[in-house]
Amino acid sequence: MKIVHTVHDLKTALLPFRSEGKSVGLVPTMGALHEGHASLVRRSVAENDATVVSVFVNPTQFNDKNDLAKYPRTLEADCALLEQIGATVVFAPSVEDAYPEPDERQFSYPPTDTVMEGGFRPGHFNGVCQIVSKLFMMAEPTRAYFGEKDFQQIAVIRRMVEDLHFDLQMVPCPIVREKDGLALSSRNTLLTEAERGIALNISKTLFASKDYAKDHSLAETKQWVIDTINAVDGLEVQYYEIVDGNSLQSLTSWEDSDYVVGCITVFCGQIPVRLIDNIKYKEQ
């Protein structure tokens with residue numbers, strides 16, 4: 001496995017695969033890797049001749065400087081894991097290498113990028129599109145792998161791929177959870193042991209809401225989820241929306257769509273850690 005830090009070295013490392021027409025998988029990450037990331041990498045390794053994993057905490061997608069500062073950075077441990085599971089190249093650029101000049105590009109894909117995260121984190125998806133488009137141009141992947149925990153992000157990037165005509169296949173991969181149901185997240189490392197126990201109420205409530213929904217309206221289910229989680233000391237729902245899984249537009253009835261997904265963001269703990277999760281009520 002090669003570890004490279006510049007675009008030139010990344011392209012050099014991939015040149016042997018390019019010259020032979022071999023497939024390249026890309027797994028974009030911000031590091032602090034866990035089993036969720038590992039599942040994406042394993043899938044890419046199984047489906048491609050080479051797998052590139054980017055490890056880069058992208059500053060342009062953070063609208064909160066404190067959030068950027070405290071985001072966990074564990075490059076040495078990340079590389080050890082990636083070598084163990086078969087990654088070909090780790091691309092860990094500096095901010096200066098990723099952004100040699102300020103990126104003034106503006107991406108806009110309403111309504112996909114204006115609801116939920118888009119409403120609460122202005123500029124977030126523009127930053128996501130900036131770095132992901134750069135990674136696509138740098139690595140020129142055959143396939144790119146993304147975890148469905150970031151459900152809205154996948155929808156926005158899919159719009160960008162269509163808009164910019166990137167010649168690649170988007171591969172969404174299911175949420176990976178702990179045995180107790182907690183969605184794996186790099187931010188989980190910021191939780192104390194007690195806070196982690198509290199955070200379990202997020203996934204427990206989402207799972208329970210699938211049964212609740214069988215006998216209740218969409219509006220009742222949405223309010224039940226919000227009230228149940230807010231009743232837990234140490235948790236505060238920022239938003240919970242039940243949306244069409246393609247358009248991400250809020251629904252008013254279970255009959256409004258054949259693909260219904262509940263997307264939630266919750267603040268957990270005294271020094272709040274922002275956690276996201278989602279649940280599928282109806283799948284395509």
Side-chain angles (χ1 to χ4, degrees), residues 1-18 24-34 36-38 40-41 44-45 48 50-107 117 121-147 150 153 156-157 160-161 164 166 168 185-190 273-274:
M1 185 183 79
K2 294 183 178 180
I3 303 172
V4 300
H5 301 281
T6 68
V7 179
H8 176 269
D9 288 348
L10 173 64
K11 291 184 177 293
T12 299
L14 293 176
L15 188 59
F17 299 95
R18 301 256 180 257
V24 175
L26 171 67
V27 182
T29 83
M30 292 205 298
L33 303 184
H34 49 66
H37 299 106
L40 304 183
V41 177
S44 178
V45 169
N48 299 280
T51 291
V52 178
V53 181
S54 63
V55 178
F56 178 64
V57 181
N58 174 42
T60 70
Q61 71 189 68
F62 286 82
N63 62 330
D64 181 341
K65 291 183 179 179
N66 291 328
D67 194 20
L68 172 62
K70 70 182 183 181
Y71 198 88
R73 293 161 171 84
T74 58
L75 181 59
E76 186 175 345
D78 293 343
C79 289
L81 172 63
L82 293 171
E83 184 165 30
Q84 181 182 354
I85 60 180
T88 311
V89 180
V90 175
F91 178 46
S94 66
V95 173
E96 292 73 22
D97 201 72
Y99 295 100
E101 300 289 340
D103 195 336
E104 303 295 343
R105 293 176 300 159
Q106 294 294 313
F107 298 84
E117 293 294 285
R121 302 178 69 186
H124 169 68
F125 285 123
N126 193 68
V128 168
C129 288
Q130 285 178 343
I131 190 59
V132 173
S133 63
K134 279 177 171 283
L135 291 171
F136 286 170
M137 290 184 281
M138 294 168 183
E140 300 178 71
T142 312
R143 301 176 184 89
Y145 297 79
F146 297 90
D150 296 294
Q153 176 176 278
V156 173
I157 294 173
M160 183 193 73
V161 167
L164 300 182
F166 281 113
L168 57 86
S185 170
S186 300
R187 295 176 188 270
N188 291 352
T189 62
L190 302 174
V273 177
R274 193 172 185 273

Does [X] use its side chain to pair, donor to acceptor, with the backbone of [Y] at less than 3.5 Å?
| X | Y | answer |
| --- | --- | --- |
| D78 | L33 | yes |
| S44 | L40 | no |
| K2 | T88 | no |
| Q130 | D103 | yes |
| S186 | G31 | yes |
| H124 | Q61 | yes |

Which atoms form the tightest heavy-atom contact between [X] and [Y], and what is the distance?
| X | Y | answer |
| --- | --- | --- |
| C79 | I3 | SG-CD1, 3.7 Å |
| P100 | K134 | CD-NZ, 4.5 Å |
| G127 | N58 | O-ND2, 3.1 Å |
| A32 | T74 | CA-OG1, 3.2 Å |
| P141 | L168 | O-CB, 3.4 Å |
| P28 | S54 | CA-OG, 3.1 Å |

Just wondering, do [Y] and [X] contact through their side chains at under 4.5 Å, heavy atoms?
| X | Y | value |
| --- | --- | --- |
| E140 | V24 | no |
| F136 | V161 | yes |
| N48 | Y145 | yes |
| V57 | L68 | yes |
| V7 | F91 | yes |
| V156 | V128 | no |
| L10 | V89 | yes |
| S133 | R105 | yes |

Within this structure, what is the OG1-CD distance for the pair T6 and E96, rounded to the nearest 0.5 Å? 13.5 Å
Measure the OG1-CZ distance between T51 and R143 for me, rounded to the nearest 0.5 Å. 10.0 Å
Could you walk me through whether M1 and V90 satisfy the side chain to side chain contact (heavy atoms under 4.5 Å, CB included) test, starting with their C-alpha distance in whole Å, then the side-chain angles of each, then the deciding distance to 0.1 Å, before giving a yes or no? CA-CA 7 Å; M1 185 183 79; V90 175; 3.6 Å; yes
R187 and D67 ion-paired at < 4.0 Å: yes
Would you call the rings of Y99 and F56 parallel, tilted or perpendicular, taking 30° and 60° as the class edges? tilted
Worked verdict on F166 versus I157 for side chain to side chain contact (heavy atoms under 4.5 Å, CB included): CA-CA 11 Å; F166 281 113; I157 294 173; over 6 Å; no
